[in-house]
Amino acid sequence: MKESFHYKDGRLYCEDVTADEIVATHGTPLYVYSRQSIEQRYRELDDAFSSVDRLIAYSVKANGNLSILRVLARIGAGADIVSGGELHRARLAGIPADRTVFSGVGKTVTELAAGLEAGIYSFNVESEGELWQLSQLATTMGVRAPIAIRVNPDITTPTPHHYTRTGHKETKFGIPMADAPRLYRLAGTLDGLEVKGIDVHIGSQILEVEPYMLALQKVLELSEQLRAEGHRLEYLDLGGGFGVSYEGEASTPARVFAEALLPELRRSGLRLVLEPGRYILAPSGILLTRVITVKESDAKSFIITDAGMNDLLRPSHYASYHHIAGARLHPERDRMHADVVGPICETGDFLALDRDLERVLDGELLAVGTAGAYGFAMASNYNARPRPGEVLVDGDTFMLIRKRETYDDLVRGELELLD
Ligand code: LLP
């Protein structure tokens with residue numbers, strides 16, 4: 001099968017449609033996703049773990065567009081949610097509640113109640129307070145709350161930025177391993193709770209297998225201890241975090257993670273829950289942006305684009321790398337060295353720094369790669385900029401799955417407050 005994003009005769013295609021054609025209809029900045037890629041990457045992950053009973057709960061935070069959730073729901077994905085809003089999205093998209101896990105370090109009582117109301121598969125509980133609140137709520141509502149406790153395995157995870165490491169004990173996430181048995185005992189005695197599993201999530205954009213192995217060993221030891229104490233465990237949630245290639249570096253296929261983890265998992269007899277986001281979506285999307293102008297001086301050159309940090313925050317927030325190239329290739333041109341920057345009034349507003357690329361001219365179209373995850377999801381209206389549109393390509397057709405915001409959208413919710 002050909003790559004979902006590829007060049008043919010010097011033109012960038014998503015599946016069978018050119019970037020030029022999509023932009024002619026829907027303008028820039030614009031997120032463009034490949035349905036083929038989303039389905040392929042979900043299936044690759046699902047197939048890799050197919051020898052155990054499993055729930056692949058797509059992490060909605062990576063990209064919560066309803067059409068994308070629907071594509072995933074149709075091929076059997078569940079959802080990993082972290083807010084009432086994500087629950088709302090997952091339900092609207094038709095992801096069954098009993099295939100939904102509710103993660104997050106701070107869930108409000110309203111959000112917990114919504115999860116109970118919907119009848120979700122499990123709550124990943126992250127504090128003693130949450131156990132008490134959930135118990136009280138479930139009792140009042142006359143239901144039982146299925147739970148796992150998210151443990152913190154105290155592992156330093158090699159992720160490109162420390163903001164996306166969550167497995168070491170200094171983070172706000174999870175319960176220290178040493179406290180876990182006590183909290184499971186407490187959960188076993190509280191009304192309205194049903195202990196079902198153990199949860200761990202060590203970070204995001206992880207390309208090594210070892211941290212997962214370490215985390216798995218720790219949670220399996222805990223599972224044995226808990227079983228010996230009489231808890232009936234049904235599943236193990238190993239979270240998300242599987243990394244992708246941003247700079248052309250070697251990435252680790254799902255199969256490699258699976259081969260390492262499966263022997264121990266099978267022995268445990270526990271159901272496996274995974275919460276992948278980036279692995280499925282990041283390589284399945286690009287951001288198309290138009291060059292407003294190229295500004296060159298002795299000191300530095302800047303390619304100023306119509307997409308900024310409000311559209312794609314990752315380069316600015318995590319110093320992350322995204323490949324950038326023209327939607328048309330011009331091998332006859334010389335190369336240039338420049339920062340690719342947005343129109344926002346901050347020096348921190350950039351898509352790429354010190355980049356060597358084929359010379360680009362005012363008005364040309366650029367594609368920012370590997371932008372399907374944590375791209376639109378983290379977009380904002382900073383500088384009163386409408387958020388971009390989103391398009392889903394399917395073979396030789398494409399459809400708008402989110403309209404570009406308008407100026408009216410920007411002030412909705414404020415206008416009616418005026419006298
Ligand atoms: N489960 C939990 C509990 C999580 O906190 C996350 C991500 C995931 C699953 C999904 O992780 P993934 O498979 O996508 O790596 N905005 C950052 C990434 C933040 C990830 C937060 N939690 C970025 O753009 O790199």
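In each ligand, atom 1 is the first atom listed, and ligand 1 is the first ligand listed. Just so it is clear, the structure is predicted and the values come from calculations on it, not from any experiment.
For a threshold of 3.5 Å applied to N or O pairs, the pair formed by Thr164 and ligand 1 contains no separation below that value. Note: an N/O pair closer than 3.5 Å links Arg278 and ligand 1 by distance alone. Checking only distances, Phe242 never comes within under 3.5 Å of ligand 1, N or O to N or O. Annotation: Met378 places no N or O atom under 3.5 Å from an N or O atom of ligand 1; distance criterion only.
Residues Leu112 and Gln133 are in side-chain contact: their nearest non-hydrogen atoms beyond the backbone lie under 4.5 Å apart. In this structure, the side chains of Arg232 and Val195 stay at 4.5 Å or more apart for every pair of heavy atoms. At least one side-chain heavy atom of Ile147 sits less than 4.5 Å from a side-chain heavy atom of Leu134.
Only side-chain heavy atoms of Asp80 come within less than 4.0 Å of ligand 1; its backbone N, CA, C and O stay farther off. When non-hydrogen atoms are compared, ligand 1 lies under 4.0 Å from the side chain of Lys61 (C-beta onward) but not from its backbone. Of the heavy atoms in Arg150, only side-chain atoms (C-beta onward) come closer than 4.0 Å to ligand 1.
Below 4.0 Å from some heavy atom of Ser59 lie the following atoms of ligand 1, by number and element: 8 (C), 9 (C), 10 (C). The Gly277 neighbourhood of ligand 1 comprises atoms 12 (P), 13 (O), 14 (O), with distances under 4.0 Å to a heavy atom of that residue.
Among all heavy-atom pairs drawn from Leu69 and Ala93, the shortest one is CB-CB, 3.4 Å.
For the atom pair Thr189 OG1 and Arg185 CZ, the distance stands at 10.5 Å (nearest 0.5 Å).
The shell of residues lying under 4.0 angstrom from ligand 1, judged by heavy atoms, includes Pro276. Heavy atoms of Ala373 stay at 4.0 angstrom or farther from ligand 1. For Tyr279, the closest heavy-atom approach to ligand 1 does not fall below 4.0 Å.
Tyr279 and Tyr42 have their aromatic ring centers separated by at least 6.0 angstrom. Not less than 6.0 angstrom separates the ring centroid of Phe49 from the ring centroid of Phe257. Here His201 and Phe173 keep their ring centres 6.0 angstrom or further from each other.
Note on Lys61 versus Glu86: no salt bridge recorded, every NZ/NE/NH1/NH2 to OD/OE distance being 4.0 Å or above. Salt-bridge annotation for Glu364 and Arg290: absent, with no side-chain N of the basic residue lying under 4.0 Å from a carboxylate O of the acidic one. Note on Lys403 versus Asp409: no salt bridge recorded, every NZ/NE/NH1/NH2 to OD/OE distance being 4.0 Å or above.
Gly241 N, 3.4 Å is the protein heavy atom nearest to atom 12 (P) of ligand 1. Atom 1 (N) of ligand 1 has its closest protein heavy atom at Glu275 OE1, 2.5 Å. Looking only at heavy atoms of the protein, atom 20 (C) of ligand 1 is closest to Tyr374 OH, 3.6 Å. At the top of the distance list for atom 24 (O) of ligand 1, counting protein heavy atoms only, stands Arg314 NE, 2.6 Å. For atom 16 (N) of ligand 1, the closest heavy atom belonging to the protein is Tyr318 OH, 2.7 Å. Atom 15 (O) of ligand 1 has Ser204 OG, 2.4 Å as its closest protein atom, hydrogens excluded (heavy atom only).
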